[in-house]
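Step one of this worksheet: look at the structure below.
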Amino acid sequence: IYTYNSLIHGFCNLGRMEEAVKVLNEIKSEGFSLDIVLFGTIINGFCKKKEIDKAMAYFHDLIDLGLKPNKIVYNSLIGGYCREVNISKAIELFDDMKSKGIVPNNVTYCTLMHGFCKAGQIEDAKKIFKTMKETGLKLDVVSYTTIINGYCEMGQMEDARKLFDEMLSNNILPNKLTYTVLIQGYNKTGEREKASGTFNEMVERGIVPDSFTYNSFVLGFCESGKIGDVAKVFDEMSERGFELD
RNA sequence: UACGAGU
């Protein structure tokens, strides 16, 4: 059943849900019973494909079979609704999960914060972040990067930087996503020097930029018409063995 | 064996 699940997971990652479902049905016809992990895999697959209705159908199926939805299943579904910016449905599930005694974790909260940010509800995202601290959850790099990204999208770079510093003082190490988010934020506000400073800081910390980081960084130069700097970065990328696509 | 952040 682990093997089957891995196979289904693979199809889900490729977005090939018809085949994922086929494997799931094959398991049933071979007389195995579906477990919560298999449901979790298929539900998450449909959530990622923005087919939340199908995901919800499996959610009801598993309940009908007498299985109990767990934290992962709820997190996936909450993420599915957030992806289509249906915040009220996401919150409905969030409440439902809590009413069943399931305690939200970092993933749950980050998913919600991300959803709020996407919906432009940064204030609500901030509230979630506050709740996370109050409940004594161990914030991690994803928690911080998610909320920092919310501030960056609003162009509130002073606050973003404050949170970044707070993160450091809590001994949570930023990664390339954290830095990329900051660079994009500085691009948004037109603070080119800070974008460059952030990029340099990242490299000094020994964090290796990837194509997302470089793209964001270069975009800043493009927007200010500094084509010469773009060429410089391209050269550096080639030296680092990056294929320019 | 399934869930969260960046162009």
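All heavy atoms count here, side chains included; hydrogens, waters and symmetry mates do not. Chain letters run A, B, ... following the sequence lines, proteins first, then strands; residues in each count from 1.
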Donor-acceptor list for residues 144-154 of chain A side chains, cut-off 3.5 Å, not counting sequence neighbours:
unit_1: A:Y144; atom_1: OH; unit_2: A:E166; atom_2: OE2; d: 2.6
unit_1: A:Y144; atom_1: OH; unit_2: A:N170; atom_2: ND2; d: 3.0
unit_1: A:T145; atom_1: OG1; unit_2: A:V141; atom_2: O; d: 2.7
unit_1: A:T145; atom_1: OG1; unit_2: A:T178; atom_2: OG1; d: 2.9
unit_1: A:T146; atom_1: OG1; unit_2: A:V142; atom_2: O; d: 2.7

Which residues satisfy the salt bridge (Lys or Arg N to Asp or Glu O under 4.0 Å) test with [X], sequence neighbours excluded?
X      : answer
A:D159 : A:K162
A:K194 : A:E191
A:E201 : A:R161

Could you list the donor-acceptor pairs under 3.5 angstrom formed between side-chain atoms of residues 238-245 of chain A and any protein atom two or more places apart in sequence or on another chain?
unit_1: A:S238; atom_1: OG; unit_2: A:F234; atom_2: O; d: 3.1
unit_1: A:R240; atom_1: NE; unit_2: A:Y214; atom_2: OH; d: 3.1
unit_1: A:R240; atom_1: NE; unit_2: A:E236; atom_2: OE2; d: 3.0

Counting primed atoms, P, OP1 and OP2 as sugar-phosphate and everything else as base, the B/S/- map of nucleotides 1-7 of chain B against protein heavy atoms under 4.0 Å is BBBBBBB
